Structure formats: C-alpha cells, structure tokens
There are 4 protein chains.
Amino acid sequence: MSPRRRDSSSTAAARAGRRAELLATAAEVFASRGYAATTVREVADAAGMLGGSLYYHFDSKEAMVDEILSTFLTDMWAAYDRVTGSGLGARETFHALIAESFRMIDRYRPAVVIYQNESKHLAANPRFTYLAESMRRFREMWLSVLDRGVLDGEFRADLDTGLIYRFIRDTVWVAASWYRSDGPLSADEIARQYIVMVLEGITAD
Amino acid sequence: MSPRRRDSSSTAAARAGRRAELLATAAEVFASRGYAATTVREVADAAGMLGGSLYYHFDSKEAMVDEILSTFLTDMWAAYDRVTGSGLGARETFHALIAESFRMIDRYRPAVVIYQNESKHLAANPRFTYLAESMRRFREMWLSVLDRGVLDGEFRADLDTGLIYRFIRDTVWVAASWYRSDGPLSADEIARQYIVMVLEGITAD
Amino acid sequence: MSPRRRDSSSTAAARAGRRAELLATAAEVFASRGYAATTVREVADAAGMLGGSLYYHFDSKEAMVDEILSTFLTDMWAAYDRVTGSGLGARETFHALIAESFRMIDRYRPAVVIYQNESKHLAANPRFTYLAESMRRFREMWLSVLDRGVLDGEFRADLDTGLIYRFIRDTVWVAASWYRSDGPLSADEIARQYIVMVLEGITAD
Amino acid sequence: MSPRRRDSSSTAAARAGRRAELLATAAEVFASRGYAATTVREVADAAGMLGGSLYYHFDSKEAMVDEILSTFLTDMWAAYDRVTGSGLGARETFHALIAESFRMIDRYRPAVVIYQNESKHLAANPRFTYLAESMRRFREMWLSVLDRGVLDGEFRADLDTGLIYRFIRDTVWVAASWYRSDGPLSADEIARQYIVMVLEGITAD
DNA sequence: AATGAATGAGAATTCATTCAT
DNA sequence: CATGAATGAATTCTCATTCAT
C-alpha cells in the first residue's frame with residue numbers, strides 16, 4: 001500500500017516520483033475542470049493535502065501546467081521526430097504519425113486535453129512561448145507530409161492542403177476528451193479506424 | 001426612463017438592439033479569452049463602459065453566456081429540424097446538416113467557439129441543463145442519420161458508427177476557431193471540401 | 001460631517017482628494033507599524049473600508065508606498081533645488097538646507113519616517129530605483145556644500161567631510177520619528193537648535 | 001560527531017558555539033533585510049541548512065532576535081555601567097560613553113542595526129519589554145550626564161537638553177548602518193571625530 | 001543534527017456584484 | 001443609462017512552525 005517501498009524515501013528518485021504523482025493528479029483536475037476554473041485548493045484536495053502544501057513542490061499553479069505540458073510535448077516530439085526521420089513515404093508517414101498521436105493520447109490523456117483546451121490562452125504568456133513554437137512545428141510537419149503525398153499522387157490534389165492540415169490538427173487530439181484506456185476500443189483500434197476514415201472516407205464503395 | 005414618450009416600440013427595439021450589441025461584444029471576448037478567464041470588466045471595457053454598468057443590462061456574467069448560447073442553439077435547432085424534417089435520404093441529410101453547421105459558424109462564430117470550449121464545464125450548472133439536452137439530441141440526430149446510411153448501404157458498415165459520430169461531433173465546430181468570414185475560403189467552400197473529405201477521404205483514386 | 005461638500009463628488013479634484021486622503025492614512029500606518037509588517041487590511045481598517053476596496057484606488061500595496069515616497073521626494077527636491085540654485089555661500093546654504101529639511105518633516109512626517117526606515121530595503125526593487133538616485137543626489141549636494149565650506153574657511157578642515165556628510169545624512173531626518181506638530185518645540189525652533197549644535201557644538205565657551 | 005561520550009563539556013561548548021554561529025548569521029540577515037521582511041528560510045539558507053532545521057536550535061524566529069538583542073544589550077549596559085560608576089566628570093563621561101558606543105558598533109554591528117530599526121516595533125510585544133526599559137535607562141543616563149554638564153558650566157545652557165539627548169540618541173548608533181570594520185576609518189577614529197563634532201561643532205574658529 | 005514533507009493561519013490580490021448618485 | 005465607490009467572498013501564494021525519519 002505504502003507508495004514508497006522499493007526505492008528509499010530519501011532518494012532523488014522518490015522525490016521525482018512524488019512530483020510526478022502530484023502532476024498526474026493536477027493534470028487530471030485541470031483537464032476535467034479547465035485550468036482557469038480550477039483552484040489550487042481543488043488540486044490539493046485531489047492530492048490529499050492542503051492548498052499551501054503544493055507550494056513546497058511547485059512554485060505556482062502556472063509552474064504545474066508548464067511542467068505537465070512540456071513533459072508531454074518533449075515526449076511527443078521525440079516520437080514524431082523518430083517517425084519523420086525514418087525515411088518513410090507520405091502515406092506511411094501519415095499512418096505512423098496518426099498512430100503515434102493516439103499512443104500519446106493513451107499515455108498522456110489529461111495533458112492532451114489541457115493542451116487542446118488551454119494552449120491558445122496560455123500561449124499569450126511569455127512562459128509558454130514553446131507552445132506557439134510547437135504549433136508551428138506541427139503545422140510544418142503535417143504540411144510537408146501532405147504536400148509530398150499530393151506530389152507523389154498518393155493524396156488527392158483537389159483539396160486545399162491547408163484545409164486538410166487544419167482538419168487533421170483539429171481532430172487528431174479530440175479523442176482525448178472521451179477516450180478511456182479501459183473502454184471498448186483500444187487506442188490502436190481507434191487509430192486504425194481514424195486512419196481509414198480520413199484516408200478513404202465513410203462512403204461505401 | 002423618464003423621457004420616453006410616443007415611440008415606445010422603437011425605444012424597446014433600440015433597447016433590444018443595444019442588448020444584442022453588448023452580447024455580441026461579450027461573445028467576442030468570451031470566445032477569445034475563455035469564459036472563466038474573462039472578467040466582467042474586460043467585457044465592459046470592450047463595450048466602452050464601466051464594469052458595474054453592465055448590470056443595468058444583465059443580471060450576471062452567467063446570464064450573458066446563457067443568452068449568447070441559447071440564442072445560438074435555438075437558431076441552430078430550428079435549422080437542423082428543418083433539415084431532418086424534410087424527408088431526405090441519409091447522404092443528402094448528411095450533406096445538408098454539415099452545410100447548415102458551417103452556415104452557423106459563419107453567423108455565430110464566437111457563440112460556437114464558446115459552445116465548444118465551455119459547454120462541458122457549464123453543463124454542470126443547473127442553469128445550463130439545456131446544453132446537456134442539446135448534446136443528447138445532437139447525438140441522437142447523427143446516430144440516426146449514420147445508422148440509416150449504413151442500413152441503406154450508403155455508408156461503410158465496417159466502421160463503428162459511434163466512433164464516426166464522435167468524429168463528426170468533434171470536428172464539425174472546430175472551424176469556428178480559425179474561420180474568418182473575410183478569409184480566402186467561403187463557409188460554403190469549406191463545407192464542400194469538408195464533406196468530400198469525410199465522405200470520400202483524402203486518398204487519390 | 002460629510003467629507004465631500006464643497007467640491008462636487010464627481011470632479012477629478014474630489015477624486016484626487018480621496019486618493020490623497022487614503023495615501024495620508026496609509027503613510028501614517030506604514031510609518032507607525034513599518035511597511036513590511038503592515039497588512040493591507042490594517043491600512044483599509046484605518047481608512048474605514050474593507051481590504052479589497054483599496055484596490056479600486058491603487059494597484060498594490062507597493063503602488064501606495066511608491067506614490068507616498070515619490071510625492072514627498074518630488075517636493076523635497078524642488079525645495080532643495082531652490083536653495084542650491086540661489087547662489088548662497090556655504091554657511092547660508094547649510095542653514096537653508098537644514099531649515100528646508102525640518103519644514104519637510106513638518107509637512108511630510110509619515111513619508112519621511114517611511115523614507116528613513118524602508119528606503120534601503122525598497123531600493124533593491126526596480127520600481128524604486130529613484131530612491132537610490134535620490135540618495136546619490138543628496139550625497140552630492142551635501143558634499144559639495146561641505147567641500148566649498150572647507151575651501152572658504154567656513155568649516156573646519158580637520159574633520160573628514162565624508163564623515164560629516166554621513167553624520168548629517170543620518171541625523172537630518174531623525175526628528176521625524178518623534179516630532180509632533182503640536183509639541184512644545186516648533187519645527188523652526190528645532191531646526192535652529194540643530195543648526196547651532198552642528199555648527200558650534202554643545203560645549204560652552 | 002555521533003559517538004559523543006566522555007567530553008560532555010566540550011560538547012556543550014561546541015553546542016553553544018554552533019548556537020552563537022547561527023545567531024551571528026541570523027543577525028546579519030535580519031540586519032540587512034529587516035526582521036519582518038526576513039523569512040526563516042532565508043536565515044536557514046545563509047546558515048546552510050533547511051528552514052525546519054533551525055527549530056532544533058531555537059524555539060522561534062522571535063527567540064532568535066530576542067537572544068541577539070538581549071546578548072548585545074547585556075554587554076552594552078555592563079560597559080555603560082562601568083563608565084557611569086567610575087566617578088568621571090560630565091565631559092569625560094560623555095567622551096567615554098560615546099567611545100563605548102562605537103566599540104559596541106564595532107563588536108555587535110548587526111545587532112545594533114536591528115536594535116535601531118526594529119526596537120520600536122518589537123517593544124509592543126510583551127516578550128520585549130526589556131527594550132522599552134533599556135530605552136528608558138538610556139534616556140535617564142544621558143539626561144543626567146547632560147544636566148550635570150550644564151550645571152557644571154561644561155555644556156551650553158541655551159540649548160534644550162531634551163533636544164540634545166534626542167540628537168545623541170538618534171545619532172549614536174547610526175554609524176552601524178555603514179560601518180565596516182575593514183573600512184578606512186577605525187571605530188576609535190570615528191568616535192573621536194564624532195565627539196569633536198558634537199562638542200565643538202563643524203565651524204572653523 | 002538535519003531533512004523532507006507537510007500544516008494552517010493569514011497575507012495580497014482579484015472579481016462578480018451592489019447601489020447611491 | 002452610466003459612473004464611481006465600495007463590498008465580500010474567493011483565490012493564489014507565503015511562511016512560521018511541526019514532526020516523523
């Protein structure tokens with residue numbers, strides 16, 4: 001039961017563990033109530049401590065979202081970079097990126113929800129310039145995949161790639177708002193159907 | 001108050017006009033900053049008056065979003081009902097509903113943004129039960145269209161209609177967050193390409 | 001009884017008056033309890049309002065001291081500049097500067113107390129760089145008077161002017177901590193005796 | 001450290017030493033930041049430990065200033081009593097008291113700074129009644145010296161002794177705020193010039 | 001002796017709302 | 001209709017203090 005057993009309670013690992021635990025709790029609350037509407041007290045309640053106690057671990061409410069989002073984005077870009085760096089064709093890259101995205105939703109669901117709901121507002125804050133930067137890279141990455149696909153004749157040329165990009169951008173993360181890892185559909189299955197839908201459409205032959 | 005004589009109808013009209021004006025301003029601000037994060041003072045600033053003065057026109061901040069959202073939803077359901085009541089086939093109904101939705105975005109952009117970003121949180125409040133009700137109807141409406149389409153052989157049967165429904169629900173309003181009525185693509189053109197994408201996919205033949 | 005009678009309550013003058021009133025109250029409290037140890041609530045209590053209400057008038061506790069100190073310093077430097085610009089000899093300048101200083105104590109007693117007790121700590125804050133600047137000017141002004149006096153043979157040459165300067169700097173404002181305008185000694189009489197003491201000493205001939 | 005047997009006397013001494021060390025650090029920090037504005041954490045940082053650890057050594061933050069001030073005052077009064085009890089004339093007593101004061105500044109600089117800046121506020125606290133008592137004795141001592149000097153014809157009779165007393169009270173400790181034991185002027189030299197200034201003034205013959 | 005993690009009271013500040021004018 | 005001034009509850013954050021290890 002005791003959450004610290006294996007690694008001695010005084011190690012840096014235990015400390016990082018506690019931090020991660022608290023961030024997971026905070027992410028959950030921010031995701032469900034909205035960042036601005038969530039009070040520090042609510043996060044603390046969820047973590048089983050008093051409001052002020054959180055400040056032993058974090059400098060501010062802002063510092064919490066910051067760490068939640070940057071941890072997620074760092075991991076996400078590592079995954080995306082692995083894909084785009086592996087020399088696949090446009091269609092395969094498309095497949096792989098979507099699959100990675102759903103894997104991210106699986107692993108970082110609350111962070112993804114926060115990312116989706118709050119980035120626009122947070123990005124105004126100098127502390128979160130990396131959000132704008134991440135959006136820029138995301139756009140570049142997808143446009144490059146789409147353009148290459150059109151050039152190679154794999155994707156239709158009669159649609160505005162800018163529009164397709166926006167469509168993908170806006171839809172790739174939305175599953176985070178309803179996905180449950182213990183639901184009837186696995187992340188991989190959702191990804192598969194999503195890919196079919198976007199690539200082939202929902203019309204019967 | 002005191003010097004309103006004769007033309008009481010045009011006075012009431014002017015009053016309603018002012019109200020609508022203020023709501024439009026408020027919607028704009030709520031949409032761009034987020035409802036919870038927007039202060040009454042910010043709305044008042046944007047309307048060129050002092051914070052307290054808004055309370056001559058509205059009972060509360062909540063009353064403002066309420067009116068913004070219910071006005072939008074009333075109009076939206078009138079349009080949807082017109083479509084679903086006109087005896088079209090599944091594919092045509094799909095077409096018409098999507099087209100209506102993009103017309104709504106064109107007419108009520110800020111309200112749509114607020115609806116999308118805040119309804120989940122607002123719905124907890126008894127005052128906004130109509131939001132949950134609207135979501136329920138929306139689900140029913142789309143599932144009925146999709147199921148009928150699968151039955152009629154117009155839509156693929158190998159995809160989970162629940163998943164398709166969610167996909168549509170989550171994507172139909174997102175254009176509101178970037179759509180500009182003076183942008184390069186008209187609402188109708190965006191709707192057309194969106195329909196193509198969802199029905200036929202982005203793969204070249 | 002009503003504090004606003006003569007000037008209509010809606011004028012800018014009345015507004016500035018209220019502001020000045022509140023600052024006078026705040027200065028009194030800061031001076032007697034110490035800035036850091038004073039709570040905003042204490043200031044508000046003394047002003048007969050609730051803590052939050054002060055924020056209608058001022059941005060922050062810091063903004064209050066800021067205005068208190070800068071108002072005082074602006075006036076003080078106007079007076080000092082008048083003296084140093086009037087071409088008096090060293091001894092007369094000395095007289096006049098001391099007299100002005102005691103007049104300042106008479107007019108701005110709480111501000112002077114705050115200035116004396118808190119400037120060193122406040123000066124670290126970028127908002128209060130003008131405090132350091134004021135100290136620098138004060139030093140320059142006095143050293144120039146003292147050096148000139150020594151050169152002219154009016155002041156003794158066997159004392160370190162740097163030390164005399166510090167001595168004056170540290171003593172000129174201290175009367176603020178015990179001075180009462182309704183006490184037995186007037187500001188002018190205190191100034192006179194202070195000047196005698198510093199110029200001639202306390203030894204009998 | 002852990003197996004401390006036998007030499008319990010040197011252990012107690014070591015303990016007292018550590019205590020004194022910590023108090024010296026605390027005094028330094030209180031003096032430079034102001035008591036109220038200093039956090040326990042800042043003191044602990046300066047001492048190279050964590051905030052909570054200080055509570056092994058001291059009961060409270062208050063207990064720290066208390067010990068700092070009372071240690072200083074005890075020593076100061078021992079020195080003053082030695083002077084006043086040695087049957088000197090008024091002028092010599094004056095000399096000796098001033099010289100002792102500067103020796104105190106040399107030895108207890110941070111404590112003197114705290115004494116000067118904080119006693120008025122601390123004195124309100126029952127724990128620090130000895131501060132008010134010390135001020136009373138100080139006043140009595142100086143007034144007695146000054147009155148005797150006027151009576152003996154050594155000090156001028158045309159100045160208010162109450163004013164002279166205040167002047168001395170307010171000036172005698174101020175050097176503490178800028179004095180550095182490694183500066184160009186020794187404590188004795190500063191005392192000498194101070195005495196000349198106060199006794200003979202700064203006017204050239 | 002010292003650490004790490006908390007507590008809990010209270011600080012500054014924010015903000016929806018009220019209301020006399 | 002709108003202003004200006006206030007209220008009061010809630011919010012973020014701070015900090016002296018405690019205590020098990």
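So that the names make sense, note that chain A is the first sequence line, chain B the second, and so on, each numbered from 1. No experiment lies behind these values; they were computed from the predicted model shown. Computed over heavy atoms, backbone and side chain alike; hydrogens, waters and symmetry mates excluded.
The two atoms that bring A:Val43 and A:Ala26 nearest to each other are CG1-CB, 3.7 Å, heavy atoms only.
Residues passing the side-chain hydrogen bond (donor to acceptor under 3.5 Å, both in side chains) test with D:Gln116, sequence neighbours excluded: none. Partners of B:Glu28 under the side-chain hydrogen bond (donor to acceptor under 3.5 Å, both in side chains) rule, at least two apart in sequence or in another chain, are B:Arg109.
Summarising the geometry, atom OH belonging to B:Tyr56 is positioned 11.5 Å from atom CZ belonging to B:Arg18; distances are rounded to the nearest 0.5 Å. For the atom pair OH (C:Tyr130) and CG (C:Leu69), the distance works out to 5.0 Å, reported to the nearest 0.5 Å. Interatomic distance, OG1 of C:Thr25 versus CD of C:Glu42, reported as 13.5 Å (0.5 Å rounding). Taking OG1 of D:Thr71 as the reference point, atom OH of D:Tyr108 lies at 7.0 Å (rounded to 0.5 Å). We find the NE2-CE distance between A:His57 and A:Met49 to be 4.5 Å, quoted to the nearest 0.5 Å.
Atom CG of C:Asp45 and atom P of F:dA6 are 14 Å apart (whole Å). Residue A:Arg19 contributes atom CZ, which lies 16 Å from atom C1' of E:dA6 at whole-angstrom precision. Protein atom CZ of D:Arg41 is 17 Å distant from nucleotide atom P of E:dA2, rounded to whole Å.
Contacts between residues 29-39 of chain C and DNA chain F, counted as heavy-atom distances below 4.0 Å, involve no residue at all. Scanning residues 48-60 of chain C for heavy-atom distances under 4.0 Å to DNA chain F yields C:Met49, C:Leu50, C:Gly52, C:Ser53, C:Tyr56, C:His57.
The aromatic rings of B:Tyr35 and B:Phe30 lie perpendicular to each other, with more than 60° between the two planes, well past the 30° mark.
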> According to the Watson-Crick and G-U wobble definition with distances under 3.5 Å, which dot-bracket string, read 5' to 3', encodes DNA chain F, using [ ] for crossing pairs and | for pairs with another strand?
Replying inline: .||||||||||||||||||||

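At least one side-chain nitrogen or oxygen of C:Arg18 sits closer than 4.0 Å to the OP1 or OP2 atom of F:dA6.
Just one residue in the list C:Asp45, C:Thr39, C:Thr38 forms a side-chain hydrogen bond (donor to acceptor under 3.5 Å, both in side chains) with C:Arg41, and that residue is C:Asp45.
Within the structure, salt bridge (Lys or Arg N to Asp or Glu O under 4.0 Å) pairs that include any residue of residues 120-130 of chain D comprise D:Glu62-D:Arg127, D:Asp66-D:Arg127 (at least two apart or interchain).
Judged by closest nucleotide on DNA chain F, A:Glu62 is the one of A:Glu62 and D:Lys61 placed further toward the 5' end.
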